[in-house]
There are 2 protein chains.
Amino acid sequence: MSATKLRKDQKRAVAVAAVRADPLQSLDRIDRAILRQLQTDASISNVALAARVKLSAPACLRRVERLKESGLIQAVVALIDPKAAGAGMLVMIGVVLDRSTPESFAEFEKAAQNVTGCMECHVVTGEFDYFMTIRTRDSDSFNRLHAEQLLYLPGVRQIRSFMVLKEILSTTKFPL
Amino acid sequence: MSATKLRKDQKRAVAVAAVRADPLQSLDRIDRAILRQLQTDASISNVALAARVKLSAPACLRRVERLKESGLIQAVVALIDPKAAGAGMLVMIGVVLDRSTPESFAEFEKAAQNVTGCMECHVVTGEFDYFMTIRTRDSDSFNRLHAEQLLYLPGVRQIRSFMVLKEILSTTKFPL
DNA sequence: CTTGAAATACTACTACG
DNA sequence: CGTAGTAGTATTTCAAG
């Protein structure tokens, strides 16, 4: 094996490792432009998208499909305006469980999925076991939710609610 | 004016008030089916969507456009898999400001918008002034973010970080 | 006011260079 | 990756419930 070939193989191995470490690195300027656009507005037609990223339509479509297949684009969805949909109130909730047993956690997680308007639920470090964010209509409806669902979540020692007074920033967009 | 007319007017006023109170009430079964579908997968073609909700393509398209124009559908976007994009770590952050003045809040809010990977930032009631959620790659990158950006946010007295260990639920879907 | 059928314009998609 | 061609879709028009 020649010294040149060895150097080439080495170079390639480094490149592959870099991609593994950060998939974004494997995306060129055009892929990023596509992702930036689709994160903002995915209802744009493929030809318009192609023009925007200065590519032919088929080439652009191939890239988008590759991005979907690779799983980087998880889904294309419609975002609904919560206020218009009658769920203008956002509440963040910290939960402390009674006992820190696997069964206790599993039971809670199963039940939490079914809380009406629950958008996020995560296990966290720190003074809480779980953090949830819930969308509901107003303080009345939240009070009902609190009394009828949250207080009946299994194995809960304490629930602390942080009502959102003002949404400064709320985005699904990812820094690229 | 006849008694019948009066009753009709009354009835209509009640209906209008109901719609104002909850725009979802004004949506029929088909609109809801459309929204449910588009919240899950908006890359579906209009003809396929029409078939799914048992409507002709033009009628379906008109409804979708109406839903967009009314603002109920805020946007159609591509969701990127954070892990695949090299930002698999999620951190929730509670912030307490030094002083509770309008200037202090305004200054903080302006600066918070520019924190790399900040997905949400809200004013909340309770023991914190703000709650933020931040996406980043790993604990190293979060540590850098913490040292280089979070600690320099203006007017901050205390920052408390809750690292997310497990994402149980994370959705943009709305209960309809 | 909304729907559905037909016609047109445009787009997605394929094959190939 | 781009060009050209085909298949299918979106979109308009219009008639009818």
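Keep in mind that this is a model prediction, so the values were computed, not measured. In what follows, chains are A, B, ... by sequence order, proteins preceding strands, each numbered from 1.
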Collect all protein-nucleotide pairs involving nucleotides 11-15 of chain D in which both atoms are nitrogen or oxygen and the distance is under 3.5 Å.
none

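Note: A:Phe108 and A:Phe105 fail the aromatic proximity criterion, with ring centroids not under 6.0 Å apart.
Across the interface with DNA chain C, nearest-nucleotide mapping of A:Ser45 and B:Lys54 shows B:Lys54 to be the residue nearer the 5′ end. For A:Ile44 and B:Ala59, each mapped to the nucleotide of DNA chain C holding its nearest heavy atom, the one lying further toward the 5' end belongs to B:Ala59.
Not a single donor-acceptor pair under 3.5 Å links the side chain of B:Arg135 to the backbone N or O of B:Gly117. Remark: side-chain polar atoms of B:Gln37 are paired, donor with acceptor, to backbone N or O of B:Asp41 under 3.5 angstrom. In this structure, A:Thr136 contributes its side chain and A:Asp138 its backbone to no donor-acceptor pair below 3.5 Å. Between the side chain of B:Gln113 and the main chain of A:Leu169, no donor-acceptor pair closer than 3.5 Å is present.
Under the salt bridge (Lys or Arg N to Asp or Glu O under 4.0 Å) criterion, the residue pairs touching residues 92-115 of chain B are A:Lys166-B:Glu109, with sequence neighbours excluded.
In this structure, B:Phe131 and B:Phe128 have perpendicular ring planes: the angle between them is above 60°, well past the 30° mark.
Contact annotation for A:Ser56: base contact, defined as any heavy-atom pair under 4.0 Å involving a base atom.
Think of the region where chain A sits on DNA chain C: with heavy atoms and a 4.0 Å cut, that region ends 5' and 3' at C:dT11 to C:dT14.
Taking CG of B:Leu27 as the reference point, atom CZ of B:Arg63 lies at 9.0 Å (rounded to 0.5 Å).
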